[in-house]
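Quick note on labels: first sequence line is chain A, next is B, and so on, each numbered from 1.
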Amino acid sequence: MRMSILFSQTLREAPADAEVRSHQLLLRAGFLRPLMAGVFSYLPLGQRTARKIEQIMREEIDAIGGQEIEMPVVHPAALWQETNRWYEIGSELGRFKDKNDRDMVLALSHEEVVADLLRREVQSYRQLPALVYHIQTKWRDDPRPRAGLIRSREFVMKDSYSLDRDQDGLDRQYRAHYQAYFNIFNRCALPTISVEADVGMMGGSMAHEFMYLAPIGEDSLLLCGNCGYRANRQIAVFQKSLAELEDPRPIEKVSTPDTKTIEGLANLLDVPKSRTAKAVFLVATLTEGQAKVDKLVFAVLRGDMDLSETKLANALEAKALRPAQEEEIRAVGAVPGYASPVGLNGVIVVVDDAIPDSPNLVAGANEEDYHLLNVNYGRDYQANVVQDIAAASKGDACPRCGATLSESRGVEVGNIFKLGTRYTVDTGATFSDEDGIEHPVIMGSYGIGVGRLMACIAEEHNDDYGLRWPITVAPYEVHLVALRGGFEAADDVYRRLQDAGLEVLFDDRDESPGVKFNDADLIGVPIRLTVGARSLDSGGVELKLRGEKESALVPLDEIVSRVQQLRQDLFDDIAAGVVEVPFEG
RNA sequence: CGGGGCGUGGCUCAGUUUGGUAGAGCGCUCGGUUUGGGUCCGAGAGGUCGUCGGUUCAAAUCCGGCCGCCCCGACCA
């Protein structure tokens, strides 16, 4: 491609509303342009990198038996009503009506359509297992898009769907994806780890997320340096410190004026936070059939622990949780800052599983400026649910080995879900076994966001001058710069490199050397060639890698073979990083 | 959805406090100059100051509504 006709320009300065490094660079280098919040156009360079990432995904999913298909972006709402997701998912799901006033859905995922295909195409166990996938646009009307492609509303996703007759088959395909995903990320030179994850709106029984560790990441991860336990904080478990065993003592009301926080309470009464009970009020949206009902939920934890809203939502099978308003809390007779489950009616009480083993806690009296001493679960109040609803934190004990957990931030670049029969029962997607008995197909679903992956690669591979693409995903392999006195020779080199099958971005513009070098650094193509009077006088073409300072001078007649060799070396370097990863889960 | 910030040529911003009819740099066009790390000089094009309404002789500037964008939180590839 000749840069004189390339349909994009570099920007000297980043647009003011880009804060994240990858976002700034992708805009400045002319890979992306914004259309509206969370929606972007891909310019030629961005499109080429995205296509390369997609091709890597294609190859790796094909290698584990995937068959590429393409499913529609617009679905009839009726199909989503069958699986209930029409009712369960909120504003994130794009909805509109067609000309006949029929409800329509913009695809945010394709489990429903796969299930619909299944009930049409698959009747027999002989047709299983199978694996289908596509690479296609999704619309998720994210409440808060941010950081460019890291979190957008419209994005392209590679989503695959495994179809099996039994759990063993699902396990096999799940593990195959686990390795394929590491292969994909390694081929993109993006370091990632897998973590145990919540199943979220996909449903199902098991999920892993693939995380690129970075400060800009929005997920908190808990990691054990000793045994390798890794989990998203949403669902991470930990060994809870045990309270001293003591006999329950009688409840005692004490005056605690102006003491609304656990911190203040522990100080005032001179007890550790673990001897207090914390009350958290939330409103949970529960589905009863197709109807949504909001219920006030009272979560009780020990004062030294934080609530995991994900764990709580899972315990209640709630579709949404939000903090309760003060009026809603007072309406049930509780007093914010002095609340406790003692004596409350008409709320759903969920108690963390550390509470029954923690006797004689300090809890609110549901009366301004008073707390109760020696509150005991079972004797003084009951719960609707007793379950682990506490969030693990840095410093907590690893659930497996007891070592100290550390915390990191990560960007979720991919995930894999064991869906089981979550979608196939509702839709009647069944097959007949050898005995003619019908069973629902067992599904898994597996997604990687193309744009987010591209942004993470950009986030990982850049320096003060611009992007530094790994050769596997670089928009071009070679950036050829023509300078004064070298245009003719460069034109010849350009043709010969192309004839040899190399991908070349040729800067044939009438610009000063400084502009060209700066643009080359900004765009970040891995191999740079410079042809000018000076290089020709010294004997040929200057060859330099984007990541390195020093350059080499290569005679004109050797340039094609040298570049081919260098290109191969760069590919080999990345291939060396594609390794077997033992499955942990 | 809660909190904060911002909307002025393609981009970065000044001008708003104290109303008087819009500016700089970059980019773009033309001419010259320069030519190995964003040359320099000159000329030029380009803006209903997000939008609607109000106050006023007069509004980018003051007041109100709406829209959009960004950041922080609750949520996701």
Side-chain angles (χ1 to χ4, degrees), chain A residues 9-20 23-24 27-28 33-39 53 57 89-93 108-109 135-159 181 197-202 207 209-212 217-219 232 234 282-283 307 309-310 313 319-323 325 411-417 445-456 465-466 481-487 510-522 528 530-538 542 544 551:
Chain A
Q9 290 182 348
T10 54
L11 305 174
R12 282 204 189 208
E13 292 164 293
D17 52 17
E19 284 203 354
V20 172
H23 188 200
Q24 292 177 342
L27 292 171
R28 282 190 57 207
R33 291 295 178 251
L35 179 64
M36 57 177 171
V39 180
I53 292 170
M57 295 174 177
I89 300 176
S91 59
E92 206 178 341
L93 180 62
L108 59 64
S109 184
I135 299 173
Q136 196 245 23
T137 301
K138 307 286 181 273
W139 173 261
R140 292 186 188 176
D141 201 349
D142 199 300
R144 185 156 118 68
R146 61 175 291 271
L149 291 184
I150 299 278
R151 225 175 114 168
S152 53
R153 295 196 292 170
E154 183 183 302
F155 60 97
V156 172
M157 181 162 86
K158 187 290 301 169
D159 39 330
Y181 272 31
D198 183 45
V199 296
M201 71 175 163
M202 294 302 166
E209 292 167 339
F210 292 78
M211 292 284 178
Y212 163 56
E218 299 185 89
D219 283 281
N232 195 309
Q234 294 175 329
L282 299 112
V283 174
L307 174 68
E309 291 196 15
T310 302
K319 300 309 165 194
L321 274 183
R322 63 167 172 83
Q325 311 280 330
V411 180
E412 181 184 348
V413 287
N415 60 25
I416 57 180
F417 295 93
S445 85
Y446 314 86
I448 302 180
V450 176
R452 180 179 285 183
L453 179 50
M454 175 166 139
C456 287
Y465 303 99
V481 176
L483 296 183
R484 187 180 56 90
F487 276 77
D510 181 22
E511 290 287 353
S512 72
V515 169
K516 292 188 172 190
F517 289 136
N518 277 295
D519 277 350
D521 286 344
L522 183 57
R528 190 182 85 188
T530 306
V531 184
R534 196 159 107 187
S535 74
L536 292 172
D537 288 347
S538 326
E542 184 184 298
K544 177 183 163 307
S551 59

For this session: I would like to know whether A:D519 and A:T10 meet side-chain hydrogen bond (donor to acceptor under 3.5 Å, both in side chains); could you show each step before the answer?
Result: CA-CA 7 Å; A:D519 277 350; A:T10 54; 2.8 Å; yes
Distance in Å, [X] [atom1] paired with [Y] [atom2], rounded so as to fall on 0.5 Å steps:
| X | Y | atom1 | atom2 | value |
| --- | --- | --- | --- | --- |
| A:L108 | A:E92 | CG | CD | 6.5 Å |
| A:I416 | A:F210 | CD1 | CZ | 4.0 Å |
| A:R12 | A:N518 | CZ | CG | 8.0 Å |

Could you check how far [atom1] of [X] sits from [atom2] of [N], rounded to whole Å?
| X | N | atom1 | atom2 | answer |
| --- | --- | --- | --- | --- |
| A:R528 | B:G36 | CZ | P | 14 Å |
| A:L93 | B:C76 | CG | C1' | 14 Å |
| A:R484 | B:U33 | CZ | P | 14 Å |
| A:K158 | B:A77 | NZ | P | 12 Å |
| A:L27 | B:C11 | CG | P | 11 Å |
| A:K544 | B:G37 | NZ | P | 13 Å |

With heavy atoms under 4.0 Å as the rule, sort [X] into base, sugar-phosphate or nothing.
| X | value |
| --- | --- |
| A:S535 | base |
| A:L11 | nothing |
| A:R28 | base |
| A:V515 | base |
| A:D521 | base |
| A:A14 | sugar-phosphate |

My understanding is that a pair needs two contacts under 3.5 Å, Watson-Crick or G-U wobble. By that rule, which nucleotide pairs with [N]?
| N | value |
| --- | --- |
| B:U16 | none |
| B:C69 | B:G5 |
| B:A59 | none |

Seminar exercise, completed: Those residues at least two apart in sequence (or on a different chain) that pass side-chain hydrogen bond (donor to acceptor under 3.5 Å, both in side chains) with A:D17 are none
For this session: Could you tell me which residues satisfy side-chain hydrogen bond (donor to acceptor under 3.5 Å, both in side chains) with A:D142, sequence neighbours excluded, listed by chain and number?
Result: A:R151
For this session: Give the minimum heavy-atom separation between A:A37 and A:R153, together with the two atoms involved.
Result: O-NE, 2.9 Å
Exercise. Minimum heavy-atom separation for A:A18 to A:H23, with atom names?
Worked result: CB-ND1, 3.5 Å
Looking only at atom [atom1], what distance separates [N] and [M], rounded to whole Å?
| N | M | atom1 | value |
| --- | --- | --- | --- |
| B:A60 | B:G68 | P | 24 Å |
| B:C40 | B:U35 | P | 14 Å |
| B:U29 | B:G65 | C1' | 42 Å |
| B:U12 | B:G4 | P | 25 Å |

Problem set entry | Crowding at CZ, A:F487 (>12 non-hydrogen neighbours, <6.0 Å) | yes
Exercise. Counting only heavy atoms not in A:D510, do more than 12 fall under 6.0 Å of its CG?
Worked result: no
Exercise. Of the candidate nucleotides B:A77, B:U12, B:G38, which contains the atom at the shortest distance from the side chain of A:L522?
Worked result: B:G38
For this session: For nucleotides 68-75 of chain B, just jot down a letter per nucleotide in 5' to 3' order: B, S or -, based on protein non-hydrogen atoms under 4.0 Å.
Result: -SSBBBBB
Exercise. Could you write nucleotides 24-32 of chain B as a row of B, S and -, 5' to 3', where a protein heavy atom under 4.0 Å of any base atom gives B, of only sugar-phosphate atoms gives S, and otherwise -?
Worked result: -BSS-----
For this session: Considering just the side-chain nitrogens and oxygens of A:N415, establish if one lies under 4.0 Å of OP1 or OP2 belonging to B:A77.
Result: yes
Problem set entry | Residue-phosphate contact under 4.0 Å: A:S512 side-chain N/O, B:U39 OP1/OP2 | yes
Quick one: which protein N/O atoms are closer than 3.5 Å to N/O atoms of nucleotides 41-43 of chain B? Pair and distance per line, please.
none

Exercise. Quick one: ring pair (Phe, Tyr, Trp, His ring centres under 6.0 Å) partners of A:Y212, sequence neighbours excluded?
Worked result: none
Exercise. Under 4.0 Å between a Lys/Arg side-chain N and an Asp/Glu carboxylate O for A:E218 and A:R146?
Worked result: yes
Exercise. Does the aromatic ring of A:F517 sit over the six-membered base ring of B:G36, closer than 5.5 Å centre to centre and tilted less than 30°?
Worked result: no
Exercise. Starting at the 5' end of RNA chain B, which residue's closest nucleotide do you reach first, A:I150 or A:D510?
Worked result: A:D510
Problem set entry | Heavy-atom side-chain contact between A:F517 and A:T530 under 4.5 Å | yes
